[in-house]
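Notes follow the structure.
Predicted, not measured: the structure shown is a model, and the values here were computed from it.
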2 protein chains.
Amino acid sequence: MRRAVKARAGHTSEGTLERLEALCRERGQRLTRQRRAVLRKLAAERRALSAYELLARLRPEDGRSTPAGVYRALEFLMEAGVVHRLESTRSFILCEHPDAPHGGQLLICRVCGQVVEAEDEPVAAATGRLGERLGFSLDPRVLELTGVCARCRARSAAH
Amino acid sequence: MRRAVKARAGHTSEGTLERLEALCRERGQRLTRQRRAVLRKLAAERRALSAYELLARLRPEDGRSTPAGVYRALEFLMEAGVVHRLESTRSFILCEHPDAPHGGQLLICRVCGQVVEAEDEPVAAATGRLGERLGFSLDPRVLELTGVCARCRARSAAH
DNA sequence: CGCCGATTGATACAATGTATCATGTTACGA
DNA sequence: TCGTAACATGATACATTGTATCAATCGGCG
C-alpha cells in the first residue's frame, strides 16, 4: 500500500475542469473525449510525458490516435492554460495552478524527472525588472529550472 | 552605410578563443577547422541559428559537412561554454560572456529573433532561493525569457 | 616512418512536430 | 426532426531535429 503523494498523482485539480468548461463556452469549443483522455493521462503522472509517450498510452484505449491528434489536444490544453510544455525536455505536464494568471516556475529534477511547480513572487519580480531594464516586455511564460531534487541528492550522497 | 551594432555582430569576443585554446590544452582536444567554422558562422549572427541553418551556411565552403558534424562541433563549443543552446527555439547562439562562471539569462525577442544576454544578480539570487526553498540544487543553467524587444514594440505600436 | 587518440565522413535511422484534406460530430436554429 | 455550419478527428505524408555506427583521416610524437 502506497503513501499518498502530494498533489499531482492520479487526479485533476478542481480548477482544471471548470476552467476548460468555461473556455469552451466562451469560444464555442468542445471538451471532447480525446482531449479528456490526454488530460487524464497527464494527470496520472508526476513527471512530464512526451507527445509520443502520450500516444503510446492512448493507443490501447483508442487505436486510432495519431501524433497530429495528440498535438492538437495538447495545443488546446495549453491554450487553456492547464498544461505546460517543457521546452528543455520536449514534453508536457499538467499544470498544478490553472488559476494563477501569471507565469510560474517549473523545477525539474534531472535525475528522477519529477517536476515541482512554483509561483514565486521574488523570481517573477526580478525577471520583470530585468526585462524592463533591457527594454523587453516579457511574456508571462513559465520558467524552467533544472537541478536535482532533495530526494535524489540524498540518495546519491548515500552512494 | 550601417551604424555599428552592439556586441554580437561580426566578431568573437577575445575571451572566446582563449577559453577554447585553454580547454583544448587541458583535455588534449583540438580547435579544428570545422569547429572554427561553426564558431565563425554563429559569430556572424545576432540571432540564434538552428543546426540545419548552420549546416546550410557551412556547405558552400565545405560540401562535406553533415548534421552529425555540426552537432559534434556544437557539443564541443557548448561544453567549452562559448555557445548556448536555446531550448525554446531549438537553436544555438554565441555566448557573449564566456568568462562568467554562473548561468545568466537570455532574453529572446519573439518578433525579430534578437537575443540579448544578461548576467542579472537579482534574478540569479531569487531563483537560487526558490531552489533552496523547494530542496532543489539548481544547475547553473541559462534562463530563457521570451518577449518583445523595445524596437519591435515601437514598430508594432506605430502600426 | 608508424602508432595512437581525436576527429571527421558517410550512412542510416530515431524522435519530434506539421500540413493537408477528407470525414465525423455536435449544437443550434428553421 | 432535419439541415447545416463550425468544430473536431482520421489518415497520410512529410518536415525538422537529433543520434548511432563504423570506417577513414588527421596530427602530433616517439
Please report, to 0.1 Å, the donor-acceptor pairs under 3.5 Å made by any side chain of residues 72-85 of chain A, with sequence neighbours excluded.
{"residue": "A:Glu79", "atom": "OE1", "partner": "A:Arg27", "partner atom": "NH2", "Å": "3.1"}
{"residue": "A:His84", "atom": "NE2", "partner": "A:Glu117", "partner atom": "OE2", "Å": "3.0"}

>> Going by the rule salt bridge (charged side-chain N to carboxylate O under 4.0 Å, His left out), which residues pair with A:Arg40 if we only count those two or more places apart in sequence or in a different chain?
In response: A:Glu61
>> Please enumerate all residues that pass salt bridge (charged side-chain N to carboxylate O under 4.0 Å, His left out) together with B:Asp99, with sequence neighbours excluded.
In response: none
Those residues that, when tested against [X], pass side-chain contact (heavy atoms from CB on, under 4.5 Å) (two or more places apart):
| X | value |
| --- | --- |
| B:Arg30 | B:Thr32 |
| A:Ala118 | A:Gln105, A:Leu107, B:Leu130, B:Leu134 |
| A:Glu132 | none |

Using atom [atom1] of [X] as one end and atom [atom2] of [N] as the other, report the distance to the nearest whole Å.
| X | N | atom1 | atom2 | answer |
| --- | --- | --- | --- | --- |
| A:Arg33 | D:dG10 | CZ | C1' | 11 Å |
| B:Leu58 | C:dG9 | CG | C1' | 14 Å |
| A:Gln34 | C:dT26 | CD | C1' | 16 Å |
| A:Arg64 | C:dT23 | CZ | P | 14 Å |
| A:Glu75 | D:dT9 | CD | P | 12 Å |

>> Counting primed atoms plus P, OP1 and OP2 as sugar-phosphate and everything else as base, spell out the protein contacts along nucleotides 22-30 of chain D at 4.0 Å heavy-atom distance: B, S or - for each nucleotide, 5' to 3'.
In response: ----BS---
> Taking protein heavy atoms under 4.0 Å as touching, what does nucleotides 12-18 of chain C look like 5' to 3' if B marks base contact, S marks sugar-phosphate-only contact and - marks none?
Replying inline: ----BBB
>> Using only atom types and a distance under 3.5 Å, with no angle test, would you say the side chain of A:Asp139 pairs donor to acceptor with the backbone of A:Arg141?
In response: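 Judged by distance alone, no pair lies under 3.5 Å.
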> For residues 19-28 of chain A, which residues have at least one heavy atom under 4.0 Å from DNA chain C?
Replying inline: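 Going residue by residue through residues 19-28 of chain A, none turns out to have a heavy atom under 4.0 Å of DNA chain C.
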>> Does D:dT9 have OP1 or OP2 under 4.0 Å away from a side-chain N or O of A:Thr32?
In response: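 The answer is yes; a side-chain N or O of A:Thr32 sits under 4.0 Å from OP1 or OP2.
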> So which one's nearest nucleotide on DNA chain C is more toward 5', B:Gln29 or B:Gly63?
Replying inline: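 On the 5' side of the pair lies B:Gln29.
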> In chain order, what residues pass the side chain to side chain donor-acceptor pair (under 3.5 Å) check against B:Glu144, with sequence neighbours excluded?
Replying inline: B:Ser88
> What residues form a side chain to side chain donor-acceptor pair (under 3.5 Å) with A:Arg129, not counting sequence neighbours?
Replying inline: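 Checked A:Arg129 against side chain to side chain donor-acceptor pair (under 3.5 Å); zero matches.
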>> If hydrophobic clusters are built from ILVMFWY residues whose side chains come within less than 4.5 Å, do B:Leu138 and B:Val123 share one?
In response: yes
Exercise answer: donor-acceptor pairs, residues 48-59 of chain A side-chain atoms, under 3.5 Å, sequence neighbours excluded:
{"residue": "A:Ser50", "atom": "OG", "partner": "A:Tyr52", "partner atom": "N", "Å": "3.4"}
{"residue": "A:Ser50", "atom": "OG", "partner": "A:Glu53", "partner atom": "N", "Å": "3.0"}
{"residue": "A:Glu53", "atom": "OE1", "partner": "A:Ser50", "partner atom": "N", "Å": "2.8"}
{"residue": "A:Glu53", "atom": "OE2", "partner": "A:Arg47", "partner atom": "NH2", "Å": "3.2"}
{"residue": "A:Arg57", "atom": "NE", "partner": "A:Glu45", "partner atom": "OE2", "Å": "3.4"}
{"residue": "A:Arg57", "atom": "NH2", "partner": "A:Glu45", "partner atom": "OE2", "Å": "3.1"}
{"residue": "A:Arg59", "atom": "NE", "partner": "A:Ser65", "partner atom": "O", "Å": "3.1"}
{"residue": "A:Arg59", "atom": "NH2", "partner": "A:Ser65", "partner atom": "O", "Å": "2.6"}

